[in-house]
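No hydrogens, no waters, no symmetry mates; every other heavy atom, side chains included, goes into these values. Each ligand, and each atom within it, is numbered from 1 in the order the structure gives.
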Amino acid sequence: MDGMDTTLEEIYTQYPETVKKNRKKHIVIKSKADEACPQIEANTRTIPGIISQRGCAYAGCKGVVVAPIKDMITITHGPVGCGYYSWGTRRNKARADSTTPKDKIYSQLCFTTDMQEPDIVFGGDKKLAKMIDELVAAFHPRAINICSTCPIGLIGDDIGAVAKAATERHGIQVLAYACEGYKGVSQSAGHHIANNNIMQNVIGKGNERKPGKHVINILGEYNIGGDGWEQERILKDCGYTVNCVMTGDASYEDIKNLHLADLNLVQCHRSINYIAEMMETRYGIPWLKVNFVGIEATNESLRQMAKCFNDPELEKQTEDVIARETARIEPALEQFRKICLGKKAFAFVGGSRSHHYQHLLKDLGMEVVVAGYEFAHRDDYEGRQVIPTIKSDADSKNIPELHLKPDEKLFREGNEYLSLSKEQFEALKKEVPLNYYEGMYPDMKNGDIMIDDCNHYELEELIKKLKPDLIFTGVRDKYIAEKMGIPAKQMHSYDYAGPYAGYNGAINFARDVTHALSTPAWKMIVPPWERKEEPDAEKQEGATHA
Ligand code: CFM
């Protein structure tokens, strides 16, 4: 413990006093003495000049939540760079199905108004309206999203009015998201903006309940590398009807019918907890935080779900699936474990994976000693019980909290959704943490570090001091680790691999991690400034003038 304190103190000493004071609040060392998680500062502005790993509100709204809806056209209203650089970078996979043919899937395409200087000077609303007309004529989409980037907020285009007029003109829903990049301190603000708009304007518009005894949604699952498909496979085998995976491979129609389910599962709490909570308020649908990353975590989530419905047949089928799948993958995992066992890792991902993947790493016998989020809020670290004590910050001042009321026609009590008596429901709540998330802290070990908005400097220092065997990173910090000779797995798009969720995902992940740990390549890297021999001056000259 003391050792870790000293390590951090040494890192801080390089900072000016004010920076040191600020950054100290974003780092917590887990100590046995602390029953509850000490307060960690999160979701506040990154100190200017510090190289952060965060994205912007537009990235959170467009890139994360709305663009994966496969049959909606999403327009980036802004300069071409915002659209171009957010095109195809997030691997939210989509495929045709019985309700969405191939030619109605737009999530792989990029649409932007390509704002030019005259548009910035004279306004871009006309250009946007014209683009919508062209898109409707060319593609006949079922619905359209408009996502604004920074300049739009600055020049004051009224995208709401453009969307309203277009809805009337074309008879399809056109939604406007004022998700200018600067709307928050990170992409987290964009999640909230998207959640609000979808909740207010899309969810509840449909009336087609899918057939099945137990109908569920998976909220906050974006089907990166096919993760959502693996979860659907498992859940169907257990006997569930998956109404909607929100928003990975989801269709507009699925989201209109989102309220016609008995239970909401929440995979990524950070990005979708608003909708889970608002659906509970408006419709009474209970939600359950699950984690389908990791074998034990998947098993535990499936068992908790089965308990919710108090259906012996469902429980039996769940146990059968767990037994069958575990037996199938165990022999292969056992081989990978030989290399993974005892290895030390860091995990720095956005707002939920640094917690989820600790479970999978534990399955492989690895331990995470430092874990951090780029943009999570205090509740993702400390648990939802802290929400009432969180001060309003830059984000929440910009984004309205919707104060929804129970829907007069559709609201039902939680126990009715699960076909339980009131008493059974109360008993269930004692056993299964409905409508709650305990955060990452309880899963960390004594002496581990939890760090918010970790920067390049801190990452380098932590690597030097704690010498991890492997690092799970973002798209930029990955290269810091690799240049230092440490293998890194990029955990946003999985370095183009995956799926990593569920049972099949566990095997893919174990194989990729084993490859990373056993390749000698990273140890062979010697940067030019550390090479012993003097560079050949003549050759260098020649190279420059060639
Ligand atoms: Fe949720 Fe995500 Fe994440 Fe996230 Fe993201 Fe992502 Fe992520 Mo990249 S929604 S918070 S904003 S689990 S895109 S699929 S990997 S930072 S940890």
Carboxylate-amine/guanidinium contact [X] [Y], below 4.0 Å:
{"X": "Lys465", "Y": "Glu458", "value": "no"}
{"X": "Arg54", "Y": "Asp453", "value": "yes"}
{"X": "Glu180", "Y": "Lys183", "value": "yes"}

[atom]: the protein heavy-atom neighbour that sits closest, reported with distance to 0.1 Å:
{"atom": "atom 3 (Fe) of ligand 1", "answer": "Ser352 OG, 3.6 Å"}
{"atom": "atom 4 (Fe) of ligand 1", "answer": "Phe375 CZ, 3.9 Å"}
{"atom": "atom 8 (Mo) of ligand 1", "answer": "His492 ND1, 2.2 Å"}
{"atom": "atom 1 (Fe) of ligand 1", "answer": "Cys268 SG, 2.2 Å"}
{"atom": "atom 14 (S) of ligand 1", "answer": "Arg90 NH2, 3.1 Å"}

Give the atom numbers and elements of ligand 1 that come within less than 4.0 Å of a heavy atom of [X].
{"X": "Val349", "value": "17 (S)"}
{"X": "Gly351", "value": "3 (Fe), 10 (S), 17 (S)"}
{"X": "Ser271", "value": "1 (Fe), 9 (S)"}
{"X": "Ile224", "value": "14 (S)"}

Check your understanding: Looking at the rings of Phe375 and His191, which for Trp means the six-membered one, are their centres under 6.0 Å apart?
Key -> yes

Review point. Do Asp227 and Glu230 have side chains that get closer than 4.5 Å, going by heavy atoms?
Key: no

Point to revise | Contact check: His191 to atom 1 (Fe) of ligand 1, N/O/S below 2.8 Å | key: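 Under 2.8 Å: His191 has no N, O or S contact with atom 1 (Fe) of ligand 1.
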
Practice item. Look at the rings of Phe509 and Tyr357 and say which category their plane angle falls in: under 30° parallel, 30 to 60° tilted, over 60° perpendicular. Key: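 The rings of Phe509 and Tyr357 sit tilted, inter-plane angle from 30° to 60°.
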
Practice item. Check the angle between the aromatic planes of Phe346 and Phe348 and answer parallel, tilted or perpendicular using the 30° and 60° thresholds. Key: perpendicular

